[in-house]
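If you read the sequence from its start, that first residue is 1, and numbering goes on from there.
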Amino acid sequence: MTDRNPAIGAEGDSGLTVVVSDPHLPEFREQFEAALPSTTTVRWSAAGDHDALLAAVGDADVLVSGTCPAEVATAGKGLRLVHSAGAGTDGIDVGALPPGALVANTFHHEDAIAEYIVASAVLLRRGFLRQDAALREGTWEPPAYSALLGEAVVGFVGFGHIGSRAWQRLRAFGARGVAVTRSGGVDAVTERLLWVGTLDDLDTLLETADVVVVCVPLAERTTGLIAAKELALLGESGVLINVGRGPVVDEDALYAALRDGMIGGAALDVWYDYPSGGRTGQPSRHPFGSLPNVLMTPHSSGLSRHTFARRSDDITANIRRLARGHSLDNIVAVAR
């Protein structure tokens, strides 16, 4: 744990104590601290050091972290803001926070994830994973035919920041697009999509699409949204790309569909199990890594210097607003 304890400055802002435990922000420490009022105390807590974090939040006003379990929230009796360094806030136990505490998020991962979606769609549609594995064993197995991305219908399950940015790139290849969202409120004409529906139209999307991009948030309605029946509709040449949350797609059904060739392949950047500390841990109870038609990445599709430099700017801007008693941007919850 390291502190920055500057002298009182001339801004007139009340001093805040900020604890940063997000593992990606230390790279931008100088930028982060320079953007805050000089009255701010910043404590940098090593990611995964649970005991140190519990001690640090005891008198903190702000916690910058993608997770805040009940034990941490309870220890932070004076927390006024928990700011995720990403879009997801499902790891923050809002109900355990002090009444009135705010939860905010930030984005800027759209461009990086859009590149991942395009790259993995090409890789899987063209069969490059299998060709790479075969050639490493000395076997030349170029397919007689492979499917171009420009010939595909891409179906988006969810169409927010990520879906919209990915679609800008995919349609440049000549792909056609369809989407379902929780509200169905996306304008198909403006977005140059063939059609937009609600989650009630998911089966139609799966029957239509060659590539399905899952980028809907995890909620009660979307947990297990895509299971065995839905995967069967995608078909044996269909490709699934999940950059939303793992449990949106049923874990058992997905493994079986990939193992048995019910679908053509999948790019999985979000998972069912994450390491509780450190960098070691299996992402699922099933051996997805043994399958030749799966691209596995460790929730890294949105990680880039651009992403976290911009997120640092958003977070420090919100902390400045908090210090000055102004309204915050990107508030997603208020503790009751």
Side-chain angles (χ1 to χ4, degrees), residues 113-135 139-159 163 166-167 169-180 193-197 199 201-216 224-244 246 248-270 284 286-297 301:
I113 297 179
E115 287 189 4
Y116 176 92
I117 290 168
V118 172
S120 57
V122 171
L123 185 115
L124 291 165
R125 291 264 296 169
R126 298 288 303 278
F128 291 149
L129 273 181
R130 294 181 184 274
Q131 295 170 49
D132 175 85
L135 195 55
T139 302
W140 295 62
E141 291 187 354
Y145 303 101
S146 61
L148 299 180
L149 188 55
E151 300 169 342
V153 174
V154 180
F156 292 91
V157 182
F159 196 81
W167 176 230
R169 288 154 175 78
L170 287 162
R171 71 182 185 224
F173 284 78
R176 293 163 291 158
V178 298
V180 295
L193 294 162
L194 296 177
W195 55 263
V196 176
L199 294 181
D201 302 300
L202 177 61
D203 285 2
T204 303
L205 178 142
L206 291 164
E207 291 174 326
T208 302
D210 303 293
V211 177
V212 170
V213 179
V214 179
C215 46
V216 71
L225 180 69
I226 298 176
K229 176 180 76 71
E230 289 75 23
L231 291 168
L233 293 174
L234 179 56
E236 63 183 16
S237 65
V239 167
L240 180 82
I241 302 170
N242 192 357
V243 293
V248 173
V249 184
D250 183 84
E251 182 177 7
D252 298 333
L254 178 59
Y255 178 75
L258 288 162
R259 180 196 62 201
D260 299 340
M262 183 185 297
I263 65 174
L268 306 177
D269 188 53
V270 289
S284 169
H286 294 298
F288 281 92
S290 68
L291 302 177
N293 54 350
V294 182
L295 172 66
M296 301 174 61
T297 48
S301 64

Closest non-hydrogen atom pair between [X] and [Y], with its separation:
X: Gly158; Y: Cys215; answer: O-SG, 3.2 Å
X: Val211; Y: Arg125; answer: CG2-CD, 3.7 Å
X: Val212; Y: Leu205; answer: CG2-CD2, 4.1 Å
X: Pro143; Y: Gln131; answer: CD-NE2, 3.2 Å
X: Leu124; Y: Asn293; answer: CD2-O, 4.0 Å
X: Trp167; Y: Arg176; answer: CH2-C, 3.4 Å

Residues which pass side-chain hydrogen bond (donor to acceptor under 3.5 Å, both in side chains) with [X], listed by chain and number, not counting sequence neighbours:
X: Ser301; value: Asp269
X: Asp201; value: none
X: Glu251; value: Ser284, Arg285
X: Arg126; value: Ser146

From [X] atom [atom1] to [Y] atom [atom2], the distance as rounded to the nearest 0.5 Å:
X: Leu240; Y: Leu258; atom1: CG; atom2: CG; result: 8.0 Å
X: Ile226; Y: Leu202; atom1: CD1; atom2: CG; result: 5.5 Å
X: Asp260; Y: Leu231; atom1: CG; atom2: CG; result: 11.5 Å
X: Leu295; Y: Ser120; atom1: CG; atom2: OG; result: 6.0 Å
X: Leu123; Y: Leu129; atom1: CG; atom2: CG; result: 4.0 Å

Does the side chain of [X] reach to within under 4.5 Å of the side chain of [Y], using non-hydrogen atoms?
X: Val243; Y: Val270; result: no
X: Phe288; Y: Leu268; result: yes
X: Asp203; Y: Lys229; result: yes
X: Leu254; Y: Ile263; result: yes

For this session: Could you pull out all residues at least two apart from Tyr116 that satisfy ring-ring contact (aromatic ring centres under 6.0 Å, His included)?
Result: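 For Tyr116 there are no ring-ring contact (aromatic ring centres under 6.0 Å, His included) partners, ignoring immediate neighbours.
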
For this session: Decide yes or no on side-chain contact (heavy atoms from CB on, under 4.5 Å) for Asp210 and Val239, but give the supporting numbers first.
Result: CA-CA 6 Å; Asp210 303 293; Val239 167; over 6 Å; no

Side-chain donor-acceptor pairs under 3.5 Å in residues 149-157, sequence neighbours left out?
unit_1: Glu151; atom_1: OE1; unit_2: Leu148; atom_2: N; d: 3.4

